[in-house]
J.: 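Quick one: the structure is below, and I'll ask about it shortly.
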Amino acid sequence: GDGLIKDASATIISPCIIGQRVKLNRGAVVGPNAVISDRVIIDENAIVKNSLVMSQTVIEKDERLDCSIALESVRVLVRI
């Protein structure tokens, strides 16, 4: 998306969708199978895969999301 701020050590693994004004901090990993909405911050060493992150959500340092839906202060584990 437009306005992506990505630290050189952050990783994006396809397939994924990244919205506008997303910030990927040092060591962050996004994907595979991640949808990141607008104005999201993925903090240091956080991993988001197989998940949906809604707008204006902060994924905290070292947080791990797999098969989850993340909102501002809520995380929902999706069991398949």
Side-chain angles (χ1 to χ4, degrees):
D2 292 335
L4 172 66
I5 299 172
K6 179 185 170 291
D7 183 271
S9 65
T11 303
I12 299 172
I13 303 169
S14 294
C16 63
I17 298 172
I18 298 178
Q20 296 182 13
R21 290 186 256 162
V22 170
K23 184 175 182 184
L24 303 179
N25 287 327
R26 183 175 55 89
V29 178
V30 174
N33 306 313
V35 177
I36 311 298
S37 298
D38 298 338
R39 297 176 306 280
V40 167
I41 297 172
I42 313 261
D43 215 345
E44 293 180 20
N45 301 313
I47 297 173
V48 178
K49 61 182 179 178
N50 306 309
S51 297
L52 168 64
V53 179
M54 301 302 291
S55 294
Q56 301 182 25
T57 299
V58 176
I59 304 302
E60 301 293 336
K61 179 179 178 181
D62 298 318
E63 188 171 354
R64 305 291 189 255
L65 294 180
D66 188 4
C67 294
S68 300
I69 300 171
L71 295 97
E72 283 186 58
S73 60
V74 176
R75 305 297 186 257
V76 178
L77 179 63
V78 179
R79 296 187 187 244
I80 300 175

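Worth saying up front: this structure is predicted, and the values here are computed from it rather than measured. Each residue takes its place number in the sequence, starting with 1.
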J.: Quick one: does S51's side chain have a donor or acceptor within less than 3.5 Å of a partner on A34's backbone?
T.: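 No, S51 side chain to A34 backbone: no donor-acceptor pair under 3.5 Å.
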J.: Between V35 and V53, is any pair of side-chain heavy atoms under 4.5 Å apart?
T.: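 SC-SC contact between V35 and V53 ruled out.
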J.: Any side-chain heavy-atom pair from R75 and S68 closer than 4.5 angstrom?
T.: no
J.: Might you confirm whether atom CZ of R21 has over 12 heavy atoms from other residues, nucleotides or ligands at distances under 6.0 Å?
T.: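 Counting other residues, nucleotides and ligands, CZ of R21 stays at 12 neighbours or fewer.
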J.: Take N50 and D66 through the side-chain hydrogen bond (donor to acceptor under 3.5 Å, both in side chains) test and state the conclusion after the steps.
T.: CA-CA 5 Å; N50 306 309; D66 188 4; 2.8 Å; yes
J.: Identify the two heavy atoms, one from D43 and one from A28, that lie closest to each other, and give their separation to 0.1 Å.
T.: O-CB, 3.9 Å
J.: Any heavy-atom pair between the side chains of P15 and P32 that's under 4.5 Å?
T.: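 Yes, their side chains come closer than 4.5 Å.
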J.: Check this for me: K23, atom NZ, are more than 12 non-hydrogen atoms of other residues, nucleotides or ligands nearer than 6.0 Å?
T.: no
J.: If you take all heavy atoms of Q56 and V40, which pair is closest and at what distance?
T.: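 Heavy-atom minimum between the residues: N-CG2, 4.2 Å.
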J.: Heavy-atom distance under 4.5 Å between the side chains of L52 and M54, does that happen here?
T.: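 Yes, close enough: below the 4.5 Å cut-off.
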J.: Less than 4.5 Å apart, any side-chain heavy atom of N25 and any of I42?
T.: no
J.: Report yes if some heavy atom in the side chain of L24 is under 4.5 Å from a heavy atom in the side chain of D7; otherwise report no.
T.: no
J.: Does R26 offer a backbone N or O that forms a donor-acceptor pair with the side chain of S9 under 3.5 Å?
T.: no
